[in-house]
Amino acid sequence: MDATERKMTKIAREVSKFTVQTMKEEGIGTAEFDVIHLVRHKPGITQTQVRETLKIDKGAAAKRVASLEHKGYLIRKPNPEDGRSQLLYATEKAESLKNSKAHIEAAFYEWLLEDLSEEEKQAFCETLDKLYWKSKRQRQAGFVDVARRIAEEGEECDER
């Protein structure tokens, strides 16, 4: 049984909703932010690679890239290896948007913790840090332990 009642997920979902709401006021939707995020982490990516990575159709990718270029978040440069395609790069405006998103999330978390005493905050943050690093190490290991647990639980269900 999940002792957390998935509350970490539920809190993260609320933060995400608030962030999306705030970013929409700046004229950026979540789908567009996903493109910006990808291009920031993979400068020089092609629109085809964006489409394949985000698993979106050709028209959606073209529309998002064009919109972000028009809004000043992306620029295109000719691909020296393939004259038919262009490479995508994030602009300074895109970089500042990343900082804006992080700032929005941080403000929400600060607000969320403000009613806790300093001791409660410290204990919570220390626990959260332990959980974060455990989950990060598990991802780096390919989620083998969690996958094994899920498989074992599935076998137990099959035996019933």
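This structure is a prediction, so every number in the text was calculated from the model and none was measured.
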Check: Thr53 side chain, Val50 main-chain N or O, donor-acceptor pair, under 3.5 Å
no
Pair Glu25-Thr22, side-chain hydrogen bond (donor to acceptor under 3.5 Å, both in side chains): steps then yes or no
CA-CA 5 Å; Glu25 293 169 5; Thr22 305; 5.1 Å; no
Taking Ile36 as the fixed residue, which of Thr91, Leu68, Leu88 is the one that meets the side chain to side chain contact (heavy atoms under 4.5 Å, CB included) rule?
Leu68
Out of curiosity, Gln47 CD to Leu74 CG, how far, rounded to the nearest 0.5 Å?
10.0 Å
Beyond-backbone contact of Val15 with Glu105, side-chain heavy atoms, under 4.5 angstrom
yes
Pairs involving residues 113-122, ordered by first then second residue, that meet salt bridge (Lys or Arg N to Asp or Glu O under 4.0 Å) (sequence neighbours left out)
Glu118-Lys121
Flag the pair Leu87 / Ile45 as yes when at least one side-chain heavy-atom distance between them is below 4.5 Å, and no otherwise.
no
Side chains of Asp57 and Arg51, heavy atoms from C-beta outward: is any pair under 4.5 Å?
no
About how many Å separate NE2 of His37 and NZ of Lys42, when rounded to the nearest 0.5 Å?
10.0 Å
Taking every non-hydrogen atom, the tightest pair across Glu95 and Ala90:
OE2-CB, 4.4 Å
Ile150 reachable from Phe143 in the ILVMFWY side-chain graph, under 4.5 Å edges:
no
Contact check, side chains of Ser16 and Thr30, non-hydrogen atoms, under 4.5 Å
no
What is the minimum heavy-atom distance between Thr4 and Met8, and which atoms define it?
CG2-CE, 4.1 Å
Does some side-chain heavy atom of Phe33 sit less than 4.5 Å from a side-chain heavy atom of Leu97?
yes
Measure the spacing between CG of Asp2 and OG1 of Thr9 and express it to the nearest 0.5 Å.
8.0 Å
Stepwise side chain to side chain contact (heavy atoms under 4.5 Å, CB included) check, Thr19 with Phe108
CA-CA 9 Å; Thr19 303; Phe108 189 99; over 6 Å; no
Check Gln138 against Val146 and note the closest heavy-atom contact, atom names and distance.
OE1-N, 3.0 Å
Rounded to the nearest 0.5 angstrom, the CD1-OH distance for Ile75 and Tyr73 is 15.0 Å
Residues pairing under salt bridge (Lys or Arg N to Asp or Glu O under 4.0 Å) where one sits in residues 133-150, two or more places apart or in two chains, turn out to be Asp145-Arg148
Determine, stepwise, if the pair Gln86 / Lys77 fulfils side chain to side chain contact (heavy atoms under 4.5 Å, CB included).
CA-CA 5 Å; Gln86 295 179 322; Lys77 294 184 180 177; over 6 Å; no
Can you tell me if NZ on Lys10 sees more than 12 non-hydrogen neighbours from other groups inside 6.0 Å?
yes
Met23 reachable from Leu54 in the ILVMFWY side-chain graph, under 4.5 Å edges:
yes
If Ile, Leu, Val, Met, Phe, Trp and Tyr residues are connected whenever their side-chain heavy atoms lie under 4.5 Å apart, and connections chain through other members, are Val65 and Tyr89 in the same group?
no
In terms of side-chain heavy atoms, does Gln49 have a donor or acceptor partner in Thr46 at a distance below 3.5 Å?
yes
Qualifying salt bridge (Lys or Arg N to Asp or Glu O under 4.0 Å) pairs, either residue in residues 60-72, two or more places apart:
Glu32-Lys71, Glu69-Arg76
Step through the shown structure and confirm whether more than 12 heavy atoms of other residues, nucleotides or ligands are within 6.0 Å of NE2 on His70.
no
Look at the side-chain heavy atoms of Ile, Leu, Val, Met, Phe, Trp and Tyr, link any pair under 4.5 Å apart, and say whether Val20 and Ile28 land in one connected group.
no
Cys125 and Asp129, any side-chain heavy atoms less than 4.5 Å apart:
no
Test of understanding: clusters of I, L, V, M, F, W, Y form through side-chain heavy atoms closer than 4.5 Å, transitively. Do Phe124 and Leu112 belong to the same one?
no
